[in-house]
Structure formats: C-alpha cells, structure tokens
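Single-structure report; data block below.
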Amino acid sequence: MEGVTGQEVAEQNSKPKIAALIPAAGSGTRLGRGPKAFVEVGGLSLLARSVACLRPYVDEVLVALPAGLFLPDGVQVRAVEGGDTRQASVLALLRATDADVVLIHDAARPFLPARVIREVADAAWDVGAATAALPVADTLVQAKENTDWGTLTPREGLWAVQTPQGFRRASLLAAHESANSEGHAATDDAGLIARLGQRVALIPGDARLFKVTTPGDLALAEAVAAVWDLTAVSGE
Ligand code: CTP
Ligand code: MG
C-alpha cells in the first residue's frame, strides 16, 4: 500500500457514482423516419427503451438530444443539446456529469441485457475502460471492385464492437479532449482510449444489442420487442 493515500483507499473501497450517458442526437438518415431516438418499436421509443434498461443500474441518466427537440413522452431524465457528430454529443454529456464511472450507450440499441450492463460497469471501474463486443461469427471477405469476392480475412480474434461502453469518466474526458485538439474523429469511445495505448476490456455482448440502423433492422426490433420483458429489468 506504499504511496497510496488514505483518500485513495477510501475511493477504491467506496461505491463509484455511475452515470448512463445516452447520445441520442443523430438524425437517423439511413432509417429515414426522423431522429431515430424518437422512433417507436412495440409502442415505445428507442430512447425510452434504452433508459428503462439502464436506469436500475446507475445513479443518473443523461441524454443528448438534437437541438430544438424535447424528450419523448414518459422519459424523465436530464437532457443536454447534442453536437454535429456522435463524438461531439458524447463530449457534451461528459461535461455535464461528475460521476466516477460513465456508461456510454447508443439510443439506437434499445435492448440491453442486465448481465452486459453489470459486467461493463464492473470492468470499467476495475480496468478503466470496457466495451460490449461479440466475436465475429460470419466469414469475412474484402471485396474486389466493391462487387466481387476479393481476399478472405481470417475472423479468428475479431470482435464486433457494441455499446454499452464503460469508462472512468476522467480518462474518457481526457481522451476526448486530446482527440478534439488533434482533430481525430472516431465512431466510438473505446477507440479513443485504445488510441492512447490504454487498456480496454472486451465484455461478451449480446445479439440483441444490435443497432437499429436501416429499415430492415426495425422489423427485427419489432420482433425482439414482442418478447422483451420490460418489467424484468433485464430481458434475461
Ligand atoms: N448520435 C448523436 N449525435 C450525433 C450523431 C449521432 O448523439 N450528431 C447518436 C445517435 O442518436 C445514435 C448513436 O449516436 O443513438 C449512433 O449513431 P447512428 O446509429 O449513426 O445514428 P444516426 O446518426 O441518427 O443515424 P444516421 O447515421 O443514419 O443518420
Ligand atoms: Mg450517424
């Protein structure tokens, strides 16, 4: 314990404050139904579903919304105005909380199993950064001319990255600020941490954590919503 202060020991032993940060400020261009977070499946917006799954496991929920839009009916959380990119929306959320641990989760992934939330949150505190991800199951091929089979890519060791992603807030804020000052753009937050050479734990995700991106995904989401038990706080 040499070099460790009493305050640091107390911080390690006490329960960290956890915030769920939900970027929901996108325009949903590929889906074509307006801002995606407000699109409903099984009678509930994607945002309401994400909030309901996360709320039991965190101390606060914060959402980034498109400028000029208000929270959908029945969603009671703190909201901030998002930015022009996902990265800018997450940075606005990070600046609006003092939590020790943040769980970043796309509003467009409305089905979060409890196990994944718990494991990502625990690993975020222990390791510093963690993300849900799934080992790739399909054969992977690099296309030739964008139309033909080109080079086979071995899938061994490849994971498809999902959210939630969990971090010690101070580390992620520092990573965002350094990416910003260097003009580095990323589609997710774990990538910003890995880029600085810091460890990111991979937590086995879940097929139900797919992102609603195109109209075909909406049909799949309707099917999952029909069997998803919102009252079980988990979908397990
Ligand atoms: N997002 C955000 N702020 C932005 C862009 C995206 O908060 N400026 C959020 C979206 O609301 C979504 C998540 O980031 O929850 C993942 O983004 P994506 O699936 O690309 O959603 P959209 O950007 O809305 O969709 P599209 O790219 O088809 O327009
Ligand atoms: Mg987008």
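No hydrogens, no waters, no symmetry mates; every other heavy atom, side chains included, goes into these values. Read the numbers this way: they start at 1 and go in the same order the structure lists the ligands and their atoms.
At least one N or O atom of Gly28 sits closer than 3.5 Å to an N or O atom of ligand 1. Between Leu31 and ligand 1, no pair of N/O atoms sits closer than 3.5 Å. Residue-to-ligand polar distances keep Ala64 apart from ligand 1: every N/O pair is separated by 3.5 Å or more.
The backbone of Thr85, and not its side chain, has at least one atom closer than 4.0 Å to an atom of ligand 1 (non-hydrogen atoms only; backbone = N, CA, C, O). Here Asp84 has backbone heavy atoms under 4.0 Å from ligand 1, and that is the only part of it that gets that close.
A cation-pi geometry, defined here as NZ or CZ lying under 6.0 Å from the six-membered ring centre and within 45° of its normal, holds between Arg168 and Trp125.
Proximity to Ser27 (heavy-atom distance under 4.0 Å) selects the following atoms of ligand 1: 24 (O), 29 (O). Under a 4.0 Å criterion applied to the non-hydrogen atoms of Ser89, ligand 1 contributes the atoms 2 (C), 3 (N), 4 (C), 7 (O), 8 (N).
When every heavy atom of Cys53 is checked against every heavy atom of Pro110, the shortest pair comes out as SG-O, 3.9 Å.
In terms of protein heavy-atom proximity, atom 21 (O) of ligand 1 is closest to Lys36 NZ, 3.2 Å. Protein heavy atom closest to atom 8 (N) of ligand 1, with residue, atom name and distance, is Gly83 O, 3.0 Å. Atom 20 (O) of ligand 1 has its closest protein heavy atom at Arg30 NH2, 2.9 Å. For atom 11 (O) of ligand 1, the closest heavy atom belonging to the protein is Gly26 N, 2.9 Å.
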